[in-house]
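For ligands, and for the atoms within them, numbers begin at 1 and follow the listed sequence. Hydrogens, waters and symmetry mates play no part in the numbers below; they use all other heavy atoms, side chains included. All of these numbers come straight from a predicted model, not from anything done at the bench.
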Amino acid sequence: MRHDAAPIIRLQDYRPSDFLIDRVDLDVRLHPTATRVTATLAIRPNPEGRSDAALVLDGDELNLKGVSLDGRDLPAAEFDATTQGLIIAQPPRQAFTLRIETEIDPTANTKLMGLYRSGGNYCTQCEADGFRRITYFLDRPDVLAVYTTRIEADLGEAPVLLGNGNPVEVGPVAGTDRHFAVWHDPHPKPAYLFALVGGRLGHVTRAYTTASGRAVKLSVYVEPGKEDRAGYALDALERSMRWDERVFGLEYDLDEFNVVAVSDFNMGAMENKGLNIFNDKYVLASPETATDADYANIEAIIAHEYFHNWTGNRITCRDWFQLCLKEGLTVFRDQEFSSDERSRAVHRIAEVKTLRARQFSEDAGPLAHPVRPRQYREINNFYTATVYEKGAEIVRMLKTLIGAADFRKGMDLYVARCDGTAATVEDFLAAFADVTGRDLSHFAQWYSQAGTPRVTVTGTYDAAAQTYRVDFTQATNPTPGETLKKPMAIPVRLGLVAPDGSALAARSDRVSRDGVFLLEAERDSIVFTDVSQKPTPSVFRDFSAPVKVALDLGNDDLLVLLRHDSDPFNRWQAAQSVSLRLLVSLAKGEPVGPAEIAPLASALTGFLERDALADPAFAALVLSQPGEAEIAQEIAADVDPDAVHAARRTVRRQIAEAASPLLRRLYDDLADTGPYRPDAASAGKRALRNIALDLLAVADPDAGQTLARAQALGATNMTDRLAALSTLATIPGQPREDALAAFGERYREEPLVLDKWFTLQAAIEEPGTLARVQGLLTHPAFSLGNPNRVRALIGSFAMLNQTQFNRADGAGYRFVAETILQVDALNPQLAARLLTAFSSWRLMAGGRRGHARSALVSIADSPRLSRDARDIVQRTLEESKPA
Ligand code: B3K
Ligand code: ZN
């Protein structure tokens with residue numbers, strides 16, 4: 001059954017490159033099926049490398065046309081070339097010039113790595129290892145070169161030619177209908193940041209002047225005719241640039257900054273130097289086609305890619321094990337930007353919801369790995385929630401521990417020291433250790449130990465002594481390859497709340513002035529003095545560490561926090577905790593009746609009455625119940641997804657029934673009045689109104705259906721239209737089918753909206769959905785070659801639809817497995833990503849577990865599996881054992 005696996009690459013085996021490449025001159029002659037690439041490389045031995053080493057260049061599916069060294073054509077005896085690499089056993093021992101000519105076929109490139117075509121345009125994706133699909137190269141992030149790129153193309157086919165850096169020259173190619181453009185990037189960079197674009201594109205442009213006075217031309221390129229949907233992205237770019245100047249003192253460093261939207265893209269976007277390439281889903285927005293969530297994502301991803309210019313590009317990674325150095329830090333930076341631009345508390349809750357849904361589940365399953373992995377077989381499988389989201393939490397904890405002022409000083413030192421280099425996590429931490437004089441060695445363990453720590457918290461009040469003691473213990477479950485876990489350095493931001501809801505001004509010498517206690521041992525206690533009344537503890541305020549918390553508090557105390565805590569995150573958390581307890585008990589078949597749910601329902605009703613309109617976005621979050629996947633994670637074994645679904649419905653119904661009149665009033669009061677605006681405050685009102693609609697439909701499906709139909713017909717923006725359709729989708733019957741058909745027809749020419757339509761149908765939690773999804777595979781708009789479409793239909797079914805993917809008869813697993821094999825033949829990265837849906841298979845109850853295992857084995861048995869998919873499927877099937 002086992003097939004040869006790819007070799008394991010280990011952090012401990014890192015060696016500097018034996019050769020360096022200082023300059024790269026590329027001449028790329030674009031052609032749909034036979035693009036010619038001539039690379040002229042200025043190479044020299046690396047003083048830190050081995051002096052007798054061969055020159056070993058990476059390649060992937062390349063067709064070599066010629067190679068010369070210092071102007072001399074190399075005879076076949078002097079090199080060894082395959083489609084996968086080029087080796088010169090006896091290269092010169094001083095600087096030399098290597099000229100390599102390759103031919104590639106961008107039209108046949110369905111992997112979407114290297115040079116490929118999307119909608120007729122040419123574009124590239126090189127991270128992590130796509131540059132080797134363009135030319136033979138030392139394709140590793142610690143080889144930094146200055147690039148000059150000449151791009152040539154048919155003028156009619158590709159009037160727009162874009163490269164990294166600054167434009168140098170454009171002109172016709174005499175005697176032909178072709179033209180060229182030359183771009184020069186003065187900043188040394190690794191090959192993964194290389195990019196070019198050629199095609200027919202429209203654009204919007206804005207002039208920008210940096211804080212120090214550099215003039216920069218900002219442009220966003222999109223499909224011609226969609227320029228009016230690029231404005232929000234351009235605006236977000238300008239705001240990001242201003243923010244980075246203000247908050248981190250970091251300015252842009254080229255004359256142009258270009259963003260290009262393409263429709264076929266494996267991920268969200270890519271931070272190529274001066275030429276960001278984006279999935280058009282994260283650029284294009286109009287009120288008619290994009291939801292509030294789309295606008296927020298565009299803002300966040302535009303910012304993220306822009307922020308990489310410093311954290312990623314100017315300071316890059318020494319090797320791919322250090323991926324979190326750029327990704328965790330840059331996610332932290334984009335989160336801070338969004339928090340400043342929107343509502344900090346609301347954004348924090350959204351971040352934590354994502355972290356719990358994606359990262360905690362990863363940490364609890366077969367794909368768990370440290371934020372800095374120690375080994376990999378396929379690096380593209382390590383662009384994970386752990387590297388990104390937990391990586392960002394580590395940076396946030398660092399800031400919590402040392403304070404905002406020292407954090408900024410540490411960032412300044414990191415940038416000053418490491419600019420222009422390929423750095424490591426150690427370099428990053430050293431900057432903060434040096435500015436604070438602190439020993440960060442225990443803290444550094446967050447990068448090396450996988451798993452989510454569980455912290456139990458118990459409070460004891462001593463009325464006579466007027467003290468309140470808080471006892472902490474911590475433990476982390478084993479993860480693959482790591483059985484014994486050490487205690488972590490966990491910042492606990494906490495406070496005490498008096499019975500009347502006021503903050504208690506109690507003191508403890510273990511708690512910093514900012515209210516942070518650092519838990520470092522397996523168990524520890526702190527004692528607050530001068531505590532005049534029995535308080536309720538509010539711990540892990542603002543989610544101060546990525547841990548699971550077991551709090552020794554009754555539901556009544558938690559509901560006091562919902563009402564009174566000064567920390568908005570913990571207000572939200574309190575309601576979630578109560579709800580999760582009820583949901584887990586119900587799903588396990590424990591006796592939970594209306595009397596047990598009533599306190600939550602009435603607390604939420606009271607909350608709505610008092611606070612809903614003060615911050616509607618926050619209220620919408622407080623009203624939303626934990627998702628089915630989160631409940632399943634909490635149950636942790638022998639999960640019955642149908643019982644989870646039913647439990648959630650029961651709790652939501654009781655809340656909805658209790659709050660019904662109020663919800664109806666909110667629904668009417670928040671009715672849209674003015675023209676659509678995507679700002680956070682307007683979006684918050686729509687969010688609250690739409691969750692009210694959804695709950696009203698739970699309490700009374702007939703009334704909800706009527707409201708939702710009216711909203712779907714009358715909506716003046718995509719947010720409200722899609723929300724209405726989502727509510728309708730939960731109510732079986734002809735009105736739903738009619739609404740779905742009308743929506744599909746209305747947006748038949750709008751790919752990004754059709755993706756929403758596919759997603760919505762794939763997520764319907766009813767037994768008929770599998771057949772519906774299978775039917776949609778043959779819909780004329782469906783294509784296995786377009787990643788957005790595949791994620792919308794197959795990804796949504798596997799990742800959002802807990803009951804139907806995990807069907808008791810195994811048909812959901814079988815369908816997804818078969819489809820993944822088809823996708824894998826075209827696009828391994830996409831297939832590998834879809835496969836991660838199976839990583840919760842061991843949580844399921846027996847029968848389902850058996851079906852999931854068979855589906856996984858059927859994939860593992862496939863003889864032509866890609867390295868990407870094989871890596872995931874094998875790790876998913878492996879019994880947890882030391883690696
Ligand atoms: N750095 C890219 C991700 C590349 C993924 C390669 N498989 C986007 C980002 O994180 O900004
Ligand atoms: Zn990134």
Side-chain angles (χ1 to χ4, degrees), residues 60 111-114 116 123-133 139-141 164 189-195 233 236-237 240 244 257 259-262 264-279 281-283 297-317 319-338 354 358-359 371 373 376-392 395 422 787 791 827-836 866-869 871-872:
D60 185 15
K111 295 183 177 171
L112 314 187
M113 282 292 278
Y116 67 95
C123 64
T124 55
Q125 170 57 35
C126 292
E127 187 177 2
D129 46 14
F131 192 70
R132 64 186 66 181
R133 294 169 62 75
D139 193 2
R140 44 187 289 167
N164 304 110
K189 66 168 176 289
Y192 82 85
L193 291 172
F194 170 82
L237 175 60
S240 307
D244 216 13
F257 188 88
V259 170
V260 180
V262 303
D264 302 276
F265 208 63
N266 276 343
M267 57 247 162
M270 178 64 210
E271 70 264 25
N272 318 298
K273 183 77 187 190
L275 177 53
N276 286 189
I277 298 181
F278 270 63
N279 186 328
K281 175 183 163 90
Y282 297 118
V283 172
N297 284 333
I298 289 169
E299 180 179 79
I301 298 177
I302 286 277
H304 179 96
E305 307 310 333
Y306 173 72
F307 296 156
H308 268 315
N309 190 54
W310 279 94
T311 52
N313 301 3
R314 296 280 296 237
I315 305 176
T316 193
C317 300
D319 53 69
W320 290 121
F321 297 100
Q322 321 293 331
L323 188 56
C324 62
L325 178 70
K326 73 178 178 82
E327 295 306 348
L329 177 54
T330 305
V331 170
F332 169 77
R333 279 153 51 69
D334 84 56
Q335 290 175 343
E336 285 299 290
F337 168 71
S338 292
T354 310
R358 299 182 47 217
Q359 201 281 322
V371 171
Y376 61 76
R377 290 185 199 273
E378 172 51 64
I379 186 57
N380 288 305
N381 287 339
F382 281 83
Y383 288 74
T384 58
T386 298
V387 168
Y388 278 67
E389 263 80 32
K390 189 173 177 181
V395 178
R791 284 186 286 254
N827 186 336
Q829 274 186 36
L830 180 59
R833 188 48 69 109
L834 293 173
L835 254 175
T836 61
S866 67
R867 172 165 65 186
D868 308 62
D871 171 48
I872 299 281

> Any idea how F337 and F307 line up, ring-wise: parallel (<30°), tilted (30 to 60°), or perpendicular (>60°)?
Replying inline: perpendicular
> What is the ring orientation for Y388 with Y383, classed by angle as parallel under 30°, tilted 30 to 60°, or perpendicular over 60°?
Replying inline: tilted
Of all the non-hydrogen atoms in the protein, which one sits nearest to [atom], and at what distance?
{"atom": "atom 10 (O) of ligand 1", "value": "Y388 OH, 2.5 Å"}
{"atom": "atom 6 (C) of ligand 1", "value": "E127 O, 3.3 Å"}
{"atom": "atom 8 (C) of ligand 1", "value": "A269 O, 2.9 Å"}
{"atom": "atom 7 (N) of ligand 1", "value": "N380 OD1, 2.9 Å"}
{"atom": "atom 11 (O) of ligand 1", "value": "E305 OE1, 2.7 Å"}

Short list, please: which atoms of ligand 1 are under 4.0 Å from a heavy atom of [X]?
{"X": "K326", "value": "1 (N)"}
{"X": "E271", "value": "1 (N), 2 (C), 8 (C), 9 (C), 11 (O)"}
{"X": "Q829", "value": "7 (N)"}
{"X": "H308", "value": "9 (C), 10 (O), 11 (O)"}
{"X": "M270", "value": "1 (N), 2 (C)"}

> Under 3.5 Å between some N or O of ligand 1 and some N or O of Q125?
Replying inline: no
>> With nothing but distance in play, are any N or O atoms of Y383 less than 3.5 Å from an N or O of ligand 1?
In response: no
> With respect to the Zn ion (ligand 2), what is the nearest N, O or S atom of E327?
Replying inline: OE1
> Can you name the N/O/S atom of H308 that is nearest the Zn ion (ligand 2)?
Replying inline: NE2
> N/O/S atom of E271 under 2.8 Å from the Zn ion (ligand 2), yes or no?
Replying inline: no
> Just checking, any donor-acceptor pair under 3.5 angstrom between side chains of N827 and N266?
Replying inline: yes
> Salt bridge between D60 and R132, side-chain N to carboxylate O under 4.0 Å?
Replying inline: no
Identify the two heavy atoms, one from [X] and one from [Y], that lie closest to each other, and give their separation to 0.1 Å.
{"X": "A869", "Y": "A832", "result": "N-CB, 4.2 Å"}
{"X": "T124", "Y": "I277", "result": "O-CD1, 3.5 Å"}
{"X": "A128", "Y": "D139", "result": "O-OD1, 4.1 Å"}

> Could you state the interatomic distance from CZ (F321) to CD1 (I379), rounded to the nearest 0.5 Å?
Replying inline: 7.0 Å
> Do the non-hydrogen side-chain atoms of R791 and L830 ever get within less than 4.5 Å of each other?
Replying inline: yes
> Ring centres of F265 and Y282 under 6.0 Å apart?
Replying inline: no
